[in-house]
**Student:** 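Here you go, one structure.
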Amino acid sequence: MSKKIQAIRGMNDLLPEQSPLWQYFEHQVETLMQRYGYREIRTPILEQTALFARSIGEVTDIVEKEMYTFEDRNGDSLTLRPEGTAACVRAAMEHGLLHNQTQRLWYQGPMFRHERPQKGRYRQFHQVGVEAFGMEGPDIDAEVILLSARLWKQLGLYEHVTLELNSLGSLEARQAYRDKLVAYFEQHRDVLDEDSQRRLSSNPLRILDSKNPDMAEMLAGAPQLLDHLDTESRVHFEQLTARLDAAGIEYRINPRLVRGLDYYSRTVFEWTTTALGSQGTVCAGGRYDGLVEQLGGKPAPAVGFAMGIERLILLLETLDLVPADSQRGPDAYLLAMGERAEREALLLGETLRDALPTLSLQLHCGGGGFKSQIKKADKSGARVALILGEDEVEQGTVGVKFLREEREQASLSRDDVAEALSALLN
RNA sequence: GUGGAUGUAGCUCAGUGGUAGAGCCCCGGAUUGUGGCUCCGGUGGUCGUGGGUUCGAUCCCCAUCAUCCACCCCA
């Protein structure tokens, strides 16, 4: 076993049994995006390392220790994208999509992070993301949240996820709050655990999120982010919650919700579930008004989110929300007995596909006895078996045996098989 | 990166210090051309890998790799 070449740790094969569920999910997403007027953008999975260092933040865990970074043959430092927003902003800027205009974009694809794999967390995983540029009001924040809520409703997940909401304020307000928070933590340095000591200089806001019960009391007395918002951000946040209230979307304001990426400001949100163990975040995002400028563009407000497809698929499976017809077999399975029948079957299959564009027909190949062929027809999940044996060849007919319903076997003339078959199946 | 659990047939798992079994799957037969149920038979494993203890290791010990779960972090 160990000598055999295996997939890279944390990178999974998606097997045929799984792919219908993925396709179902992807189809839901595509139509949803289309319905809200979002257009798809596809960017390379490799980018210059500097793009991520400059956007996500030099001292975040992602950039410090989780990126797949390596040298190109010419010495450039390249990185497999750990998230989608940076590349999306880069591409939009590069092609002038942000020039004095608004944009609603979405993307989908693999992301890479070198973390220890566990349930719902993989080294290659897939995200669907949404990014809206050039709109600074709370209406667009509300729109992307409503869009995600609609997806949960479509998938039957809405009752199983919770929306958590917070505001980080403007970059300036956040910086001021950060200083105040660090000062508070300095006073209680003896209570801070090892992780938090480390974060004190790198990402003090994250300390608020700690699960360590020994620090709970100290954290409860810490200055609150929401008390230190600048006026504009507070108004923005109030207008957002008012819009969500009007739309009937429930949420929980979580003053300790801080995102791990540096570029967020003002609105941040997460959709979480308790059904997946410790990887409970299924979708997360927020506003990142400063990022475009930070990456060298003309300042443009932006808001977006990303959802983890593996986690959502896992959730659908856990909650038994997999649509039943996603595993459907072909309409017909065509089997043939004997050399001459085999040759005719190949052509008959083509004839039927020509005449009936929506027909799904699987041809039996590889010979075998009648019994084994019909057994395979059954296993394929097909609704009918089309039988082309020596007798049928002789008589210029084809047999139609229904495999999943009590119906008499039919014999169709080869002259008008397509019409007759189509009529039988409807 | 840290901690814990687990690695035996394609899958789910038993099992023993004397080199292995079940169920499912797959193939064939009972039924010269009619599946799902039943019965019978068959294919399939260097017992994750390397080393150690032992007359002998799949079992005991060590290491290593992988998977899973949790921490951390995050989608």
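In what follows, chains are A, B, ... by sequence order, proteins preceding strands, each numbered from 1.
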**Student:** Would you sketch RNA chain B in dot-bracket for me? Only Watson-Crick or G-U wobble pairs with both distances under 3.5 Å count, crossing pairs as [ ], other-strand pairs as |, the rest as dots.
**Tutor:** (((((((..((((....[..)))).(((((.......))))).....(((((..]....))))))))))))....
**Student:** For A:R81 and A:P110, indicate whether the former's side chain and the latter's backbone hold a donor-acceptor pair under 3.5 Å.
**Tutor:** yes
**Student:** B:rC69 C1' sits how many Å from A:K119 NZ, rounded?
**Tutor:** 9 Å
**Student:** State which of B:rA75, B:rG36, B:rC74 makes the closest approach to the side chain of A:D378.
**Tutor:** B:rG36
**Student:** Could you measure between the two P atoms, the one in B:rC39 and the one in B:rG23, and give it in whole Å?
**Tutor:** 11 Å
**Student:** For the side chain of A:K371, starting at C-beta, report the closest nucleotide among B:rG35, B:rA75, B:rG33.
**Tutor:** B:rG35
**Student:** When you get a sec, tell me which of B:rA66, B:rC26, B:rC72 is the closest nucleotide to the side chain of A:K379?
**Tutor:** B:rC26
**Student:** To check you understand the geometry: which heavy-atom pair defines the closest contact between A:G290 and A:L171, and what is its length?
**Tutor:** CA-CD1, 4.4 Å
**Student:** Is the shortest distance from a Lys or Arg side-chain nitrogen in A:E136 or A:R287 to a carboxylate oxygen in the other one below 4.0 Å?
**Tutor:** no
**Student:** In terms of side-chain heavy atoms of A:R9, which of B:rA66, B:rC74, B:rA75 is nearest?
**Tutor:** B:rA66
**Student:** Is a donor from one side chain sitting under 3.5 angstrom from an acceptor on the other, for A:K180 and A:H228?
**Tutor:** yes
**Student:** Given the P atoms of B:rC60 and B:rA66, what is the spacing between them in whole Å?
**Tutor:** 23 Å
**Student:** Within a reach of under 6.0 Å around CZ of A:R42, are more than 12 heavy atoms found that belong to other residues, nucleotides or ligands?
**Tutor:** no
**Student:** When the C1' atoms of B:rG21 and B:rA9 are compared, how many Å lie between them, rounded to an integer?
**Tutor:** 10 Å
**Student:** Within the structure shown, what part of the strands sits under 4.0 Å from A:I309 by heavy-atom distance: base, sugar-phosphate, or nothing?
**Tutor:** nothing
**Student:** Is A:Q6 side chain donor-acceptor paired with the B:rG48 base, going by distance under 3.5 Å alone?
**Tutor:** no
**Student:** When the C1' atoms of B:rC47 and B:rG33 are considered, how many whole Å apart are they?
**Tutor:** 44 Å
**Student:** Please report, rounded to the nearest Å, how far the P atom of B:rC74 is from the CZ atom of A:F269.
**Tutor:** 16 Å
**Student:** A:E143 pairs by salt bridge (charged side-chain N to carboxylate O under 4.0 Å, His left out) with which of A:R35, A:R104, A:R243?
**Tutor:** A:R104
**Student:** Does A:A284 reach a base, just sugar-phosphate, or nothing at all? Heavy atoms under 4.0 Å.
**Tutor:** sugar-phosphate
**Student:** Using the closest heavy atom to pick a nucleotide of RNA chain B for each, name whichever of A:K375 or A:H126 lands nearer the 5' end.
**Tutor:** A:K375
**Student:** Provide the distance between the two C1' atoms, one in B:rG45 and one in B:rG15, to the nearest whole Å.
**Tutor:** 15 Å
**Student:** Taking CE from A:M11 and P from B:rU67, how many angstroms apart are they, rounded to a whole number?
**Tutor:** 11 Å
**Student:** Should we say atom CD of A:E394 is surrounded by more than 12 heavy atoms from elsewhere, each under 6.0 Å from it?
**Tutor:** no
**Student:** Tell me whether the side-chain N/O atoms of A:Q118 come closer than 4.0 Å to OP1 or OP2 in B:rA70.
**Tutor:** yes
**Student:** Mind checking ring pair (Phe, Tyr, Trp, His ring centres under 6.0 Å) for A:Y158 and listing every partner two or more places apart, or none if nothing turns up?
**Tutor:** none
**Student:** Of the options B:rG33, B:rA75, B:rC72, whose atoms approach the side-chain atoms of A:F370 most closely?
**Tutor:** B:rG33
**Student:** Using heavy atoms to find the nearest nucleotide of RNA chain B for A:E310 and A:S372 separately, return the residue whose nucleotide is more 5′.
**Tutor:** A:S372
**Student:** For A:R116, report the nucleic acid contact type (base, sugar-phosphate, nothing); a contact means any heavy atom under 4.0 Å.
**Tutor:** base
**Student:** Calculate the interatomic distance between A:R404 atom CZ and B:rG36 atom P; express it in whole Å.
**Tutor:** 12 Å
**Student:** Rounding to an integer number of angstrom, what distance separates B:rG50 and B:rC65 when you compare their P atoms?
**Tutor:** 15 Å
**Student:** Is atom CD1 of A:I8 surrounded by more than 12 heavy atoms (other residues, nucleotides or ligands) closer than 6.0 Å?
**Tutor:** no
**Student:** Can you identify which nucleotide, out of B:rC71, B:rA30, B:rC74, has its nearest atom closest to the A:R121 side chain?
**Tutor:** B:rC71
**Student:** Say you pick atom P in B:rC26 and the same atom in B:rC69; how far apart are they, in whole Å?
**Tutor:** 29 Å
**Student:** If you measure from the P atom in B:rG52 to the same atom in B:rA70, how many Å do you get, rounded?
**Tutor:** 38 Å
**Student:** Heavy atoms under 4.0 Å, any strand shown: does A:Q373 hit a base, just sugar-phosphate, or nothing?
**Tutor:** nothing
**Student:** Hey, does the side chain of A:K376 come within less than 4.0 Å of B:rC27's phosphate (OP1/OP2), counting only N and O?
**Tutor:** yes
